[in-house]
Chemist: 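I'd like to ask you about the structure that follows.
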Amino acid sequence: MSTERRAPLDRVRVADTALRLLNEVGLEGLTLRAIARELDVKAPALYWHFKDKQALLDEMATEMLRRMAADFVADPDTPDWRETFFRLMSGLREHLLRYRDGAKVYAGTHFTDMSYAEPMEANLRMLNRAGFGPQAAARAWFTAYSYTIGYVIEEQAMGPDPVTGAGGYDLQARSERLAGQPLAAEAGREMFQERDAGFAAGLRAVIAGVEATLLPDAGA
């Protein structure tokens with residue numbers, strides 16, 4: 001008889017297993033029953049830790065944040081807040097892309113501990129020291145944050161599937177369908193190709209926009 005002892009079942013172990021399984025089955029296929037099977041326990045055992053799937057998603061998002069926290073803290077005294085802001089949001093996107101449907105899991109969840117507090121405070125302090133008032137700093141941060149999560153949701157939803165390689169836009173077919181709308185046809189090449197460059201260009205526009213509208217005396 002094997003004497004190997006399994007690690008105790010706790011929230012962190014369940015969330016870690018769920019994140020690994022997410023990359024195999026995606027958000028739609030991620031069920032408490034499938035996670036229980038992966039952990040070799042009965043599904044009711046998970047309900048001691050999570051009342052429902054949303055509670056599990058909250059813990060998964062929190063675990064994602066814990067893993068990225070070291071890369072998600074700005075130096076408040078950075079000499080160039082724009083480049084630091086750009087780096088932070090690019091890093092957020094990079095982390096979300098490590099998980100299939102990662103942005104959908106992360107969006108709209110409620111963190112289960114205070115992992116978010118220190119990075120948020122440091123990043124808002126960076127903007128505050130750059131001249132943004134407290135409310136303007138919060139708005140600038142949330143605007144870029146929302147852009148980043150929304151962009152990743154779209155690019156992950158559009159495909160191709162990171163596991164099978166299936167999906168994604170057939171731009172030639174799209175152009176043919178939109179032959180009578182040449183601007184809309186050409187727009188597809190900007191929206192659905194070279195996603196890294198597209199994200200960077202959009203983020204630069206967001207940062208320029210919050211500077212122009214929220215930073216006092218930006219025009220000067």
Side-chain angles (χ1 to χ4, degrees), residues 19 21-30 57 60-61 64-65 67-68 71-72 74 80-109 116 119-120 123 126-127 132 136-215 218-219:
L19 286 169
L21 191 59
L22 179 69
N23 283 338
E24 298 177 18
V25 302
L27 185 55
E28 291 300 316
L30 187 70
L57 293 176
M60 290 169 65
M64 291 165 68
L65 178 62
R67 295 177 183 184
M68 74 173 78
D71 299 327
F72 206 43
D80 190 338
W81 68 269
R82 301 167 195 81
E83 287 305 312
T84 300
F85 206 7
F86 182 88
R87 176 182 60 78
L88 292 172
M89 292 303 159
S90 297
L92 172 60
R93 173 175 174 259
E94 179 183 330
H95 276 277
L96 294 177
L97 286 173
R98 294 177 183 177
Y99 308 93
R100 182 173 174 179
D101 296 326
K104 285 185 179 179
V105 171
Y106 199 77
T109 53
Y116 68 90
M120 176 178 284
N123 297 332
M126 172 194 71
L127 293 171
F132 291 85
R139 179 54 52 197
W141 178 261
F142 192 66
T143 299
Y145 180 82
S146 299
Y147 164 76
T148 301
I149 293 175
Y151 190 97
V152 179
I153 287 176
E154 286 295 320
E155 67 177 318
Q156 290 186 318
M158 289 186 298
D161 186 288
V163 177
T164 67
Y169 271 94
D170 183 336
L171 289 178
Q172 183 60 38
R174 183 182 184 278
S175 294
E176 292 171 1
R177 290 195 302 272
L178 293 172
Q181 294 81 33
L183 291 177
E186 185 60 28
R189 304 190 184 281
E190 176 65 25
M191 294 187 293
F192 306 131
Q193 285 185 329
E194 299 181 359
R195 290 174 180 164
D196 291 348
F199 172 79
L203 182 56
R204 296 284 186 196
V206 169
I207 293 173
V210 299
E211 179 178 12
T213 59
L214 297 173
L215 185 63

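Along the sequence shown, residues are numbered consecutively beginning with 1. From a predicted model like this one, the values you see are computed outputs, not experimental measurements.
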Chemist: Which atom pairs, donor and acceptor, lie under 3.5 Å between side-chain atoms of residues 179-190 and protein residues at least two apart or in another chain?
Modeler:
none

Chemist: Starting from the C-alpha separation in whole Å, work towards a yes-or-no answer on side-chain contact (heavy atoms from CB on, under 4.5 Å) for Gln156 and Lys104.
Modeler: CA-CA 9 Å; Gln156 290 186 318; Lys104 285 185 179 179; 5.8 Å; no

Chemist: Can you list everything that forms a ring pair (Phe, Tyr, Trp, His ring centres under 6.0 Å) with Tyr99? Sequence neighbours excluded, please.
Modeler: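 Not a single residue meets the ring pair (Phe, Tyr, Trp, His ring centres under 6.0 Å) criterion with Tyr99.
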
Chemist: Quick check against the 3.5 Å criterion: does Tyr151 have a side-chain atom that pairs as donor or acceptor with the backbone of Arg195?
Modeler: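 Looks like yes, one N/O pair under 3.5 Å.
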
Chemist: Which residues pass the side chain to side chain donor-acceptor pair (under 3.5 Å) test with Glu176, not counting sequence neighbours?
Modeler: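 Counting only residues at least two positions away or on another chain, Glu176 forms a side chain to side chain donor-acceptor pair (under 3.5 Å) with Gln172.
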
Chemist: Tell me, with the steps shown, if Leu27 and Leu57 meet side-chain contact (heavy atoms from CB on, under 4.5 Å).
Modeler: CA-CA 10 Å; Leu27 185 55; Leu57 293 176; 3.8 Å; yes

Chemist: If I take atom OG1 from residue Thr143 and atom CG from residue Leu214, how far apart are they, to the nearest 0.5 angstrom?
Modeler: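 Interatomic distance, Thr143 OG1 to Leu214 CG, rounded to 0.5 Å: 6.5 Å.
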
Chemist: OG1 of Thr148 to CD1 of Ile153: how many Å apart, nearest 0.5 Å?
Modeler: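 The CD1 atom of Ile153 is 11.0 Å from OG1 of Thr148, to the nearest 0.5 Å.
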
Chemist: Ring centres under 6.0 Å, that's the criterion: do Trp141 and Phe132 meet it?
Modeler: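 Judged by ring-centre distance (under 6.0 Å), Trp141 and Phe132 do not meet the cut-off.
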
Chemist: Going from CE on Met68 to CG on Leu65, what distance comes out if it is rounded to the nearest 0.5 angstrom?
Modeler: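 Here the interatomic distance stands at 6.0 Å.
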
Chemist: Under the salt bridge (Lys or Arg N to Asp or Glu O under 4.0 Å) rule, collect the residues that match up with Arg98, sequence neighbours excluded.
Modeler: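 Salt bridge (Lys or Arg N to Asp or Glu O under 4.0 Å) check on Arg98 returns Glu94.
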
Chemist: Under the rule for ring pair (Phe, Tyr, Trp, His ring centres under 6.0 Å), what residues qualify as partners of Phe142, not counting sequence neighbours?
Modeler: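 By the ring pair (Phe, Tyr, Trp, His ring centres under 6.0 Å) rule, Phe142 matches no residue at all.
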
Chemist: Does anything in residues 141-150 form a salt bridge (Lys or Arg N to Asp or Glu O under 4.0 Å)? List the pairs, not counting sequence neighbours.
Modeler: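 Residue pairs with at least one partner in residues 141-150: there are none.
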
Chemist: For Glu194, enumerate each residue passing the salt bridge (Lys or Arg N to Asp or Glu O under 4.0 Å) test, keeping only those at least two apart in sequence or located in another chain.
Modeler: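 Glu194 satisfies salt bridge (Lys or Arg N to Asp or Glu O under 4.0 Å) with no other residue.
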
Chemist: For the OG1 atom of Thr109 and the CE atom of Met60, what is their distance to the nearest 0.5 Å?
Modeler: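 With rounding to 0.5 Å, OG1 (Thr109) is 10.0 Å from CE (Met60).
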
Chemist: Is the number of heavy atoms from other residues, nucleotides or ligands within 6.0 Å of CZ (Arg139) greater than 12?
Modeler: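 Count not over threshold, so no.
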
Chemist: side-chain contact (heavy atoms from CB on, under 4.5 Å) with Ala74: which residues, sequence neighbours excluded?
Modeler: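 Once residues adjacent in sequence are excluded, the partners of Ala74 under the side-chain contact (heavy atoms from CB on, under 4.5 Å) criterion are Thr84, Leu88, Asn123, Met126.
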
Chemist: In chain order, what residues pass the side-chain contact (heavy atoms from CB on, under 4.5 Å) check against Arg174, with sequence neighbours excluded?
Modeler: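 Arg174 satisfies side-chain contact (heavy atoms from CB on, under 4.5 Å) with Tyr169, Leu171, Arg177, Leu178, Met191, Phe192 once adjacent residues are dropped.
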
Chemist: Would you be so kind as to tabulate the donor-acceptor pairs closer than 3.5 Å made by side chains of residues 196-205, with sequence neighbours excluded?
Modeler:
from, atom 1, to, atom 2, distance (Å)
Asp196, OD1, Arg93, NH1, 3.1
Asp196, OD1, Arg93, NH2, 2.8
Arg204, NH1, Glu83, OE2, 2.7

Chemist: Just verifying a value: how many Å separate Leu127 CG and Leu215 CG, rounded to the nearest 0.5 Å?
Modeler: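 CG of Leu215 is found 9.5 Å from CG of Leu127.
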
Chemist: For Glu154, which residues count as a salt bridge (Lys or Arg N to Asp or Glu O under 4.0 Å) partner, sequence neighbours excluded?
Modeler: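 Expected list: none.
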
